[in-house]
Structure formats: C-alpha cells, structure tokens
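Quick caveat, the model's predicted, so the values are computed rather than measured.
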Amino acid sequence: MEYKITMPVLSDTMEKGKLIKWHVNEGQQVKKGDVIAEVESDKAIMEVQTFKDGVVKKLLVKEGDEVPVKSPIAIIETATAQAHAQQTPSQPKEESHPQSSTSSQTLPPELAAILPTKTKELKTQEQKETKASAVVKAVKGAASPAARVEAQKLGIDIEKLQAEQKLPKPAHLKDIKLEALKRYFTPKALELLQEYALDPSVFAHDHKIDADEVQAYIKSHNIPKTIPLSTNRLAVKSNVETAAKKPIYHVYETFTLNPPEDVKITAYLLKVIGDTMQNHPLTRAVLEDESYKIYPASNISVAVAKGDALYMVVCKNIESKNLKEIDTWVKEIKQRDYSPDDLQGSTFGLSNLGMFGIRAFDAMINKKDSGIAAFGKVDKNRVEAVFTFDHRILNGVDAAKFVSELKNNFAKGIDV
Amino acid sequence: MNSLSSTKVEKFYYLMRLGREFELAAKEEYMKGNIAGFLHLDIGQEACSVGSMQAFDKGDVFTHYREHVLAIARGMEPKLIMAELFGKVTGVSRGKGGSMHLFDPSLNFYGGDAIVAGHLPLATGCAYARKIQGEKAGVFTIFGDGATNAGAFFESINIAAAWKLPLIFFVENNYYAIGTRIGWVSPFEELYNKAKNFMPAKRIDGMNVCEVYKAVMEAKEHIENSLGPYFIEAETYRYEGHSMSDNGKYRSEEEMDIFKSRDPIENLKKEALRLGIVSQEYFDSADQKAQEVVQEAVEFAAASPEPNLKELYEDVYCKECTNVIP
Ligand SMILES: Cc1ncc(C[n+]2csc(CCOP(=O)(O)OP(=O)(O)O)c2C)c(N)n1
C-alpha cells in the first residue's frame with residue numbers, strides 16, 4: 001500500500017514549508033518514528049517522521065523546494081517493504097547479495113547487531129553518518145541557541161573560553177561573532193572596526209589584520225567616524241531647536257565696567273544684571289499660554305562649559321546675595337555636579353566668551369527665559385554685549401529701558 | 001513493582017501505551033492539518049499521567065494544557081478526546097475547547113488550563129470548598145516546572161498550607177518551560193525545595209509509573225486524613241518539542257538519550273518480564289489493542305460533523321452544573 005507523506009502543518013500560521021534536507025534515499029527502508037526529512041516552517045526547522053513502516057518509494061520534492069502544506073512530499077510503500085528494498089537501485093552493491101541482506105532484515109535488531117556480516121557494517125556506518133548530520137552536536141557551555149549553532153560552525157569552544165573568562169556567560173551570537181573576529185584582527189584593529197562601524201568582511205580573512213591595515217583602508221576610502229550624540233548634546237540640541245523657533249531680536253551695546261578687584265567678571269556681571277532685573281519685571285517673566293508669570297527673584301541661567309558638555313546653571317536670588325557670595329558660587333560651579341534643580345527656574349540668561357578673546361557674539365535663549373546677554377572680551381574696562389530678547393515677552397521699548405539702566409549701573413559700579 | 005498486583009501493572013502498561021499511541025496519532029493528524037490550534041504532547045511523561053490518575057481515582061482534578069493522557073487515564077474515551085482535538089461536535093467539549101480544554105464534570109476532571117499556573121488558585125479554591133463540605137476526597141492538581149516560578153503557585157501553596165486544605169500539588173519537572181531550562185530561572189533544579197517549608201514535599205522518579213502511583217497513594221492518604229496539602233515533584237522528560245511548532249533543539253542529544261533509556265513504557269515492560277508477573281502475550285495484545293482503539297478514535301473524529309454555527313451561543317453560561325458545590 002502507498003502511504004503519502006505530506007508537507008506537515010506545524011503551526012496554525014504555516015502555509016508553505018521548505019524542504020531543507022532529506023534524511024532518506026529512495027529505496028531505503030524506514031520504521032515508524034524515523035526522521036525522514038527536515039522542513040522549515042514559518043517558525044523553526046522541524047523534523048518530519050514517518051508514522052508507518054515501509055520503503056521509501058519516491059521522493060517528490062527536492063531539497064530547497066518550497067511547497068504548500070498538505071501537499072505530498074514522499075511516498076512510502078508499506079505492504080511489500082522487503083521486496084522493494086531488494087530491487088531498488090540506490091541500495092549499496094554489497095546489499096544485492098541475497099542471503100546476507102534478507103537475513104539481516106528479518107532478524108530482530110538485537111541479533112542483527114551482533115552478526116558479523118559485511119552488510120551490517122555498512123549499514124551501521126551509514127546510520128552513524130545520517131545521525132551525525134541530522135542533529136547538530138551539542139556545544140557545551142552557557143549560550144543562546146543561535147550562539148551555539150554559530151560556535152559549532154566556527155569550532156569555538158564556548159565552555160573553555162567561558163572558563164578562561166574570555167566569553168560572557170551566557171554567550172550570545174554577537175559574542176561568538178566577536179570571538180571569531182579575534183582570530184583575524186588584532187585588538188587595536190577590532191577597536192578601529194567598531195569606531196568606524198566597518199564591516200569586517202571587507203578584509204580578506206586569510207591573515208592577521210592589524211590596526212595599520214585598517215587605518216589605511218579608512219584613509220583610502222575616506223570613511224567617516226560615527227560618534228553618537230551624548231545625552232548632554234542631545235539635551236542641548238533640543239534646547240536650541242526650541243530656542244530657534246522663538247521670535248527674537250537683538251540689541252547691541254557697549255558698556256563701561258567698573259568691576260571690583262578679586263572677583264570673577266562673571267560674578268560681577270551676574271550681580272549687576274540681577275539687581276537691574278528687579279526694576280524690570282518682564283525680565284523676571286515667563287510666558288504661559290495667555291499670561292505672564294512674573295517671579296520676584298532674579299534668577300539667571302549661566303552658560304557653563306564642562307569638558308565637552310554645556311550646561312545652563314541657574315544662579316538664584318541674586319538680588320538678595322552680595323557680590324562675594326555670588327563670586328563663591330561662580331568659583332565652585334565648575335567643580336560640582338548639577339541637580340535638576342540647579343538647571344531650572346531662570347528667567348534670563350548670561351553667556352560670556354570673553355575668556356576666549358571673542359569680541360562680540362550673540363547667544364541662544366535658554367528654555368523659557370525672556371532673554372539672554374552675551375558678553376565679549378573686556379578691553380580696558382569696555383565690553384561689547386549683545387542681547388537677545390523674546391519679543392513675545394519684551395518689546396523694543398522694554399528692552400531699551402532695561403539695557404540703558406544696566407548701562408548706568410555698570411558705570412556706577414557696586415560695593416563689595 | 002513487587003508489591004503491586006499484576007493486573008495493576010497490566011493496566012499501567014495498557015494506559016501508557018494507549019496514551020502514547022494516541023499522542024503519535026494526534027501528532028500525525030496535526031501535521032496533516034486535521035487538528036488546529038495548539039497541541040502539547042505528553043510523550044515521555046506518560047508515567048506521571050497514568051500513575052497519578054490511577055492512584056487519585058476520586059476527587060477533583062485540575063490540570064494544565066498537556067492533558068490528553070491524563071484524561072485517558074482518568075477514564076475519558078479516546079474517541080471523544082480525538083474528536084475534541086479535531087474540533088468536532090462529538091468531542092468532549094463539543095469541539096469548542098480543542099486540545100487544551102478537555103473538561104468532563106462527570107469525571108470531576110477540570111482539565112486544560114492554558115495559563116501557566118492559572119489553575120492552581122482554582123484547585124486551591126476547590127480544595128477549600130471540599131474542606132468546608134467535609135468531604136473525604138480532596139483535590140489533585142498537576143503542573144509543569146515553569147509554573148513553580150509563578151506568583152499564583154506561591155500564593156496557592158501558602159494558603160493551602162495555612163488552611164490545611166486537602167490538595168495534592170504534583171509538579172512534572174521536565175526541566176524545560178518551552179526552551180527555558182529550570183536552572184536558569186530558579187536557584188535550584190530540585191523543585192520540592194520550594195514547598196518543603198509549607199507541607200510534606202518529596203521528589204520521585206517520574207519515569208517510573210509504579211513510583212508515581214505509590215507516591216500519589218501516600219499523598220492521597222495524607223490529605224484524606226485532614227493533614228493538609230502534599231507536594232510531589234516527579235522528575236520526567238518530554239521527548240517532543242513544547243508544542244508542535246517547537247523543534248526542541250535546545251536540548252542536547254545526550255540528555256535526550258539518557259531519558260529515553262529510562263522510557264516509562266519500555267522499562268515497565270522489561271521489569272515486569274524480568275519478574276515474570278506479566279506475560280509477553282499480554283504486552284503484544286495490549287499494543288495491538290491500543291493501536292486499534294486509537295485507529296478507531298481517529299476514524300470517529302474524522303467522520304464526525306463540525307459543530308453547528310448556533311453552537312457558538314451555547315454553553316456561554318453554565319445553566320446547570322453537576323458535581324459542583326452549590
Ligand atoms: C501566564 C502565562 N505565561 C506564559 C505562557 C506561555 N507558555 C505556555 S506554556 C509555557 C511553558 C510552561 O512550562 P512548564 O510549566 O514547565 O510546563 P510544561 O509545558 O513543561 O509541561 C509558557 C511560558 C502562558 N500560557 N501563560
């Protein structure tokens with residue numbers, strides 16, 4: 001009788017299956033439960049068994065073929081199993097010797113196993129081979145299934161490397177791939193690959209590749225180095241993007257300063273601006289929907305560069321601090337880490353690039369501030385300042401009043 | 001095995017063989033597209049299902065989704081189960097439950113909860129009810145190793161122990177929750193440790209049907225004497241993947257070989273023959289009979305009609321429940 005093996009339905013979502021590998025040949029005898037093929041479903045590679053004993057009469061699809069579920073992939077002849085087994089052409093030659101072949105097939109397997117016939121040797125050899133290729137031999141060590149398969153392919157001993165702490169536990173696919181790369185790249189070269197996000201396969205894997213070789217490749221192909229933005233740079237980016245959307249205008253003025261000795265110029269600027277803000281409520285205002293919120297305190301955000309990062313640290317309640325206190329604040333500000341509270345609550349900003357010898361520049365308004373003053377280099381008590389105002393909060397007249405009073409206050413000088 | 005009668009051993013063998021034949025047929029039919037949804041096979045774990053159900057013959061049973069063989073061993077007819085798997089109206093749940101939901105109140109079998117550990121609180125609640133009723137027979141619940149990591153598991157053993165409920169917790173430790181090996185997500189692989197401060201707890205060989213039977217008998221006596229709950233961990237193994245779409249390749253060939261060498265069906269037969277308490281003829285005829293019964297079950301299922309569309313509106317609410325505490 002013919003028994004058809006069909007492309008199995010291995011999940012509710014499977015519509016087609018790919019025949020990955022045949023484990024039997026035409027003419028081969030099979031027993032219920034034997035694995036006859038591997039197929040790929042939409043979820044995994046699975047084994048197909050026969051549920052009946054018999055002889056494989058015909059394989060209807062080729063390895064690599066994709067066929068719909070339930071369509072036949074092989075025919076098993078169940079009734080005349082033995083007769084067919086003898087006739088089929090794909091049986092090994094030695095098997096055609098009628099005596100040995102019949103005897104080994106009719107004997108119970110336990111007996112067949114101890115009979116010293118040529119046939120038996122051949123068969124077990126054959127069986128061993130199919131078995132070995134059918135099941136991926138287990139790789140020892142803690143690793144993901146994908147990592148195991150890769151390690152198996154590359155001959156990487158996960159257990160040993162984990163014992164030497166050269167692989168993490170459990171190892172993942174990326175770790176195995178990295179381990180494989182270590183065979184061809186020096187550690188320095190690997191670092192460069194990562195820095196420049198280079199595909200390792202552009203190099204021929206037939207010798208040890210060092211950093212010089214990778215560097216030469218980078219130069220000759222003019223490959224850019226990718227540096228992802230730090231969290232701080234991302235924050236700055238979003239701040240200035242919002243700032244750029246504000247309706248702003250600039251006011252330019254040159255001030256004559258009378259700073260007392262022994263205090264930082266930034267502290268002096270903060271004190272004079274902060275005090276002046278007390279007479280100009282809109283500089284202490286933020287805009288919220290259809291209203292101003294005017295705060296009593298003069299809180300100024302100051303641009304502070306720390307290494308690569310830029311912070312707008314807020315100096316609070318300037319009106320009630322003396323210059324010495326503000327000077328102390330300014331002096332310690334670079335030394336410490338900032339809490340979220342240090343970075344909020346301002347209504348006006350100050351930026352100073354004088355220490356770089358910059359004569360004049362304009363600055364971006366910080367967050368919701370009403371404006372910002374940008375100070376250049378102090379040259380014989382004279383300094384150029386550029387103000388940027390949010391026009392929704394202060395208009396030209398408001399700004400002019402503020403800047404001109406500031407000018408007077410700078411000229412007056414203050415007591416320490 | 002020495003202390004068991006030969007009829008008991010014969011029964012164990014037949015039920016396990018029937019279970020395995022049933023599962024192989026179910027697998028074949030699933031692959032042909034005759035069974036939809038999920039299908040979790042019990043192949044390799046038959047000793048747990050058969051031994052426990054043979055011992056726990058009265059009282060309520062709450063199971064997880066790997067329950068075909070439990071249902072068979074409880075006395076459910078294979079053809080009604082197969083028809084259920086096929087989604088046919090002749091099935092035990094009228095074709096509406098499928099493989100994971102084999103309920104039969106007449107057998108006190110509340111089987112197939114798809115939520116891992118989801119049935120443990122239900123079993124606990126039922127045990128509470130049985131205790132209040134002052135009934136002798138308690139409750140048996142079976143679950144996998146994965147379920148012992150769920151909150152519902154800990155809450156259930158806690159309250160069952162606190163209130164001394166007549167409840168047997170039976171964990172089939174087959175080492176894997178789908179592809180997750182128990183030791184990766186639990187500090188130890190011997191799971192009775194999780195319960196031993198709450199109640200008597202022991203670990204047994206779940207590949208040995210006689211040992212399972214004896215352990216459950218002991219546990220049954222314990223709960224029937226109002227001594228509170230009892231915990232059994234049975235070490236076992238499934239030969240198949242977790243369900244039909246899992247190839248199970250996360251397990252090593254060596255490990256599989258070790259457990260297959262402890263096959264519950266083959267070993268029971270070998271041991272019974274060695275002791276001479278069951279004849280070879282019995283085994284042959286049992287094998288034959290199991291195949292016939294399963295063959296019939298498949299034919300019955302295939303020939304049965306699909307449920308009528310109006311069935312959709314039936315059994316939405318329970319009208320009259322028997323064997324349920326009022
Ligand atoms: C609450 C919950 N989480 C996840 C699942 C998905 N799931 C179904 S079976 C299973 C594994 C359970 O393993 P185990 O308890 O060891 O039982 P076994 O299948 O080995 O008998 C998981 C995670 C689920 N059904 N319910």
Side-chain angles (χ1 to χ4, degrees), chain A residues 3-17 20 31-53 68-73 76 110 131-149 152 159 169-170, chain B residues 20-41 43-44 85-87 98-100 176 178-181 183-185 239-258 260 263 265-266 270 280 287 290-291 294-295 298:
Chain A
Y3 164 64
K4 282 202 185 84
I5 295 190
T6 54
M7 175 55 72
V9 186
L10 296 163
S11 73
D12 269 359
T13 45
M14 178 172 174
E15 284 166 5
K16 275 195 281 185
I20 298 293
K31 283 186 103 154
K32 180 172 172 174
D34 284 355
V35 173
I36 67 153
E38 275 171 50
V39 301
E40 188 177 47
S41 74
D42 55 343
K43 296 205 164 62
I45 292 182
M46 310 277 289
E47 289 173 346
V48 180
Q49 296 160 279
T50 167
F51 291 94
K52 292 209 161 69
D53 297 348
V69 294
K70 300 189 200 179
S71 60
I73 57 173
I76 308 274
E110 306 85 82
K131 214 175 168 197
S133 55
V135 193
V136 181
K137 218 182 124 4
V139 179
K140 292 222 174 79
S144 71
R148 281 173 195 281
V149 172
Q152 163 84 24
E159 197 177 38
K169 244 182 185 181
Chain B
R20 184 162 298 182
E21 291 296 333
F22 183 94
E23 300 261 273
L24 285 170
K27 180 176 181 183
E28 183 179 5
E29 295 305 318
Y30 188 98
M31 287 187 164
K32 286 190 201 157
N34 290 332
I35 296 173
F38 279 100
L39 186 73
H40 304 91
L41 300 177
I43 297 177
L85 267 49
F86 273 58
S99 159
M100 290 201 279
Y176 293 88
I178 311 186
T180 303
R181 195 179 167 97
W184 301 345
V185 288
Y239 301 169
E240 301 289 317
H242 170 77
S243 68
M244 289 301 291
S245 46
D246 171 29
N247 65 17
K249 280 291 160 66
Y250 38 80
R251 300 169 303 178
S252 73
E253 217 184 328
E254 289 90 334
E255 188 172 282
M256 181 69 77
D257 286 346
I258 290 171
K260 282 196 170 167
D263 186 80
I265 304 179
E266 294 312 320
K270 228 194 282 169
Q280 180 67 47
D287 290 354
Q291 277 184 25
V294 169
Q295 184 63 32
V298 172

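Residue with the most contacts toward chain B among Ile5(A), Asp12(A), Val69(A): Asp12(A) (heavy-atom pairs, distance under 4.5 Å). Of the listed residues Ala36(B), Ala25(B), Gly37(B), the one with more heavy-atom pairs under 4.5 angstrom with chain A than any other is Gly37(B). Heavy-atom pairs under 4.5 Å with chain A were tallied for Ser243(B), Ser245(B), Gly241(B); the largest tally goes to Ser245(B).
Looking at Asp263(B), its side chain does come within 3.5 Å of a backbone N or O of Ile265(B) through a donor-acceptor pair. Tyr250(B) places a side-chain N or O within 3.5 Å of a backbone atom of Ile178(B) that can act as its donor or acceptor partner. No donor-acceptor distance shorter than 3.5 angstrom exists from the side chain of Thr6(A) to the backbone of Pro8(A), with no hydrogens or angles considered. Judged purely by atom type and a 3.5 angstrom limit, Arg148(A) uses its side chain to pair as donor or acceptor with the backbone of Gly141(A).
Residues satisfying the side chain to side chain contact (heavy atoms under 4.5 Å, CB included) test with Glu15(A), not counting sequence neighbours, are none.
Met14(A) does not touch chain B: none of its heavy atoms, backbone or side chain, sits under 4.5 Å away. Neither the backbone nor the side chain of Asn34(B) comes within contact range of chain A, judged by heavy atoms closer than 4.5 Å.
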